[in-house]
Structures are given as C-alpha cells and as structure tokens.
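None of these values were measured; they are calculated from a predicted model. Chain letters run A, B, ... following the sequence lines, proteins first, then strands; residues in each count from 1.
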There are 2 protein chains.
Amino acid sequence: MTVMGTARPAGRPRSERAEKAIVDATLDLIGEGTSVSELSIESVAARAGVGKTTIYRRWANKEELVGDALATLKAPLPEIEGRTVREDLIAYLDVMRQDSLTVRTRCIMNIAMSEPERHPRLYERFQRTAIEPRRAAMRAVLERGVATGELRPDLDVEMAIGMLTGTMLWYTKGAAHGLLPGGVVPADLAPRIVDEALRGFRPS
Amino acid sequence: MTVMGTARPAGRPRSERAEKAIVDATLDLIGEGTSVSELSIESVAARAGVGKTTIYRRWANKEELVGDALATLKAPLPEIEGRTVREDLIAYLDVMRQDSLTVRTRCIMNIAMSEPERHPRLYERFQRTAIEPRRAAMRAVLERGVATGELRPDLDVEMAIGMLTGTMLWYTKGAAHGLLPGGVVPADLAPRIVDEALRGFRPS
DNA sequence: ATCATACGATACGGTTGCGTTGCGAAACTC
DNA sequence: GAGTTTCGCAACGCAACCGTATCGTATGAT
C-alpha cells in the first residue's frame, strides 16, 4: 500500500525533466526574438528534444504554455531596503537597466508588454506576477519618503512612479535600437534619472 | 506625339484607386491589431478587393508594403509655437495623449515600436519619419527655455525629453489595458506631467 | 484597328504548422 | 508478471499562405 493519502496514479509518472525542457525551450525561443504568434509547438518540441505529444498532454494550446513559461519568471524582486529614498529608487531603477542588458529579458519584456490586445490573459497574468510587485515596492519607497518628509507631502506618488519607470523604459527601449548617441544605456543612468526626478519631488 | 518629356509607357496605366485601396487595407488590418508577421498578402488583397498580382506588381514583399503604408502616415506635427515653454510642452504631450485614444493609432504605434528586431528597416524608417521630428520639436522648445532662462542652464535636455515622453507613454500604455485606476487616461494628464516635471527643470 | 500593359480571378506546387493517432519501448504500481 | 501510463517518434489529414502563372477582360497610346 502507499504511504501517501493521495494515491499516486498507476502507470509511468510524467517526466519533470521533459516539463522543464519544454518550458526552457519556450523561454529560449521567445528570448531569441520569436513572437508569440510566430512561436510554434513544433519548434518548441524540437528545441526541447521532446515529442509534440508530451507537450499537448500538459498544455491545451500555445497560449497556456507561454503563460506558464512566463509565470516561472517570477520577479526575484531584490530585497532592497536602503537608507535613503534616493538610494532605494536608484537600486530599483538599476535593476531595470541591468535587465535591459540581457537580450533574453528584453525580448520577453517586449513580448509580454507589446501584445496585450492579442493575448490579454497572458498580458494580465505577466503584469500581475511580474510588474505589479515591482510597482508596489517602488510605491512603498515613495510613500515612506513622503511620510518621513524626505519628499513633498503633496507628491503624486503614482505619477512619480510613472516618471521614474517611464524614463528608464524610454532609455532602454531607445538604446536597444540605436537611437541613443552612444547606442548603449549609460551605466550611471539610474542615479541620473533619480536625481533629476527628485529635484522636483523634494519639498520646496 | 506626347507633350510630356517623359513619355508615358504604353499600355494600360496602373490604377491609383487600386494602389490606395491596398495601402488602406494594410493600415486597416494593422490598425485592427494584426501584427506584421501575422499580416498576409492574401488578406490585404481580399480586404482591398484586389488580386494578389496587383500587389506583387508594386511591392516585392510584405515589408516594403508595410513600410510604404506606414510612411503615408507622415506625422502632421502640429505647428505649435506658443508663448511659454510650459504651454508648448503641454501641447506636444497632449498630441500624444489624443493619439493614444484612437485604436488605430495605438495599434500602429504598437507595431512600429514593438518589433524593431524583426523588422529593423521598417522600424528605422518609421522612427525617422514620425518619431524623430517630434522629438526634435520638443528638444527645440526645451533648448529655447534654457536660452531664455525659463529652464535651468544645466538641464539635461535629452533626459528631459525622456522624462516627459516616457511618462506619457507609461500612462497611455497602462491605461489602454486597464492598469490605471479609472482605466482611461485623464484628460488633464499633459499639464500634470509637465507641471510635475517643470518643478525640477526650473532654475532653483 | 492594333498593340501593350494592368486588371481581377483562379489555380498551381510548395512550405509550415496545426492537433491527432498509432507505434514500440520505458517506467512505475500492484 | 500484469496492468497502466508516459515516453519519443513518425505519419496523418487539414488549413493557411507563399510567390508564380495563366486566364479573359479592361484601358490606355499610336
């Protein structure tokens, strides 16, 4: 008899190795610039060294596979709790900058962000698991700054988030495609953005 | 004999009506959310009420067709030359906000901006004809402000552009997909962004 | 009238990917 | 060992779309 209360179903158990290979292959292909619509189950199977059957046994369609794959990238969300608001904001923005340096992260971001109308549930899910936590963390830092008097009491926190994040995104997006003078995101971009923004965020 | 120096080639001339119908159909389909990779010549032909031959006679491939189609949307770039820097910036940002309200413009922007790695020439072309002129206009306003003393002499103009534009894009992108509290871009967003940003741009 | 070209329509062979099925081997329970 | 399920693999019929070719017709110049 089985020790576990929930009896393991008879037969050969599903291979965790195969499952991981499938998810990895999916992320790899997306990371190489394949859009969701271009991504084919066959290419995933080939890349993963797996039969199509093994994929269809676990996921009903492409969208669910991609959804699960992207969900495994739960933002590590570095535990930042520095001293000043400035330092914390710089730390968060610099995570974005570093992320933008890896092609894989950039492509995945691109996919997850750029096709919301075509894959609304996918977009929503990624937003919830990856974006919103980071936004909340930044919001907490800003609200703490307002509470301590480091920032203006009437600061529009949501807009402040938008200014910081939007500016960094503008740069990373532009630099990735040769719009910036140097063609690369400057290493000191995070502190520059934060310092420029804080100039208006501080009490007058 | 022909009056014109450049003799018109013999035979039936190409139909301008067909050409316009093809370009319109292309823009319509893209505006409805079809990505460039998903867009098929056959669907364009069907939508335009035109034979595939008529398309292939003018464009060698999909990319050139899309390129020409997008190029017909040469940004009108409103002639703004208000009085204060604040008013001019608000006017420019509000153009962005209004653009984001139409589904068609939003989809086209999405396509043109989101697939640079897959269609680099397309992206570069759209960037040159549509984005860069607007950026230059905003840069001129900011530099004028620096010259008149309305803005800080040491203002990083490029970053200022990034902050203004990036913040607006952040909002329009977020609002389009239900991330914002109200789900819509506030009508007074442009002045709010500009006022928040100018707080740091002005001389201290 | 004649000639040249473009027109829309239709069909073609070729490619890609879909989602399904059948196969023999492997893995695990009882 | 018997029974069950998953494995990778190959093949299937189906659909979409590619780019080309071939129709008969339409539209112009000479």
Report the distance from atom OH of Tyr56(B) to atom P of dA6(C), rounded to the nearest whole Å. 18 Å
Just wondering, are more than 12 heavy atoms of other shown residues or ligands nearer than 6.0 Å to CZ in Arg144(B)? yes
Choose from dC18(C), dG8(D), dT20(D) the nucleotide whose nearest atom is closest to any side-chain atom of Ile41(A). dC18(C)
Gap between atoms CD and P, on Glu64(B) and dG19(D) respectively (whole Å): 12 Å
Tell me: CZ of Arg17(B) to C1' of dA26(D), nearest whole Å? 13 Å
Assess whether a salt bridge exists between Glu158(A) and Arg135(A), defined as any Lys/Arg side-chain N lying under 4.0 Å from an Asp/Glu carboxylate O. yes
Please list, chain by chain and in numerical order, all residues satisfying side chain to side chain donor-acceptor pair (under 3.5 Å) with Thr53(A), sequence neighbours excluded. none
At a heavy-atom distance below 4.0 Å, what parts of residues 43-52 of chain A sit against DNA chain C? Lys52(A)
Could you write out each protein N or O paired with an N or O of nucleotides 2-5 of chain D at a distance under 3.5 Å?
from, atom 1, to, atom 2, distance (Å)
dT5(D), O2, Arg12(A), N, 3.0

Between CD of Glu38(B) and C1' of dT16(C) the distance, given in whole Å, is 15 Å
Between Arg47(B) and Asp24(B), does any NZ, NE, NH1 or NH2 come within less than 4.0 Å of an OD or OE carboxylate oxygen? no
Take atom CG of Leu65(B) and atom C1' of dG19(D), then tell me their distance rounded to the nearest Å. 15 Å
Both Leu39(A) and Thr53(A) contact DNA chain C. Taking the nearest nucleotide for each, which residue is further toward the 5' end? Leu39(A)
If you pin Ala60(A) and Ala18(B) to their nearest nucleotides in DNA chain C, which one's is more 5'? Ala18(B)
Please enumerate all residues that pass side chain to side chain donor-acceptor pair (under 3.5 Å) together with Arg128(A), with sequence neighbours excluded. Glu124(A)
Sorted by chain and number, sequence neighbours left out, side chain to side chain donor-acceptor pair (under 3.5 Å) with Arg152(A) holds for Asp154(A), Glu196(B)
Given dG8(C), is OP1 or OP2 found less than 4.0 Å from the side-chain N or O atoms of Thr54(B)? yes
Whole angstrom is fine here: how far is it from CG in Asn61(B) over to C1' in dG19(D)? 11 Å
Among all residues two or more places apart in sequence or in another chain, which pass the side chain to side chain donor-acceptor pair (under 3.5 Å) test with Asn61(A)? none
Protein-nucleotide distance (Glu42(B), atom CD; dA9(C), atom P), rounded to Å: 13 Å
Whole angstrom value for the distance that separates C1' of dT27(D) from CD of Glu16(B): 14 Å
Is a salt bridge present between Arg97(A) and Asp94(A), judged by a nitrogen-to-oxygen distance below 4.0 Å? yes
Student check: side-chain heavy atoms of Glu64(B) and Asp68(B) closer than 4.5 Å: no
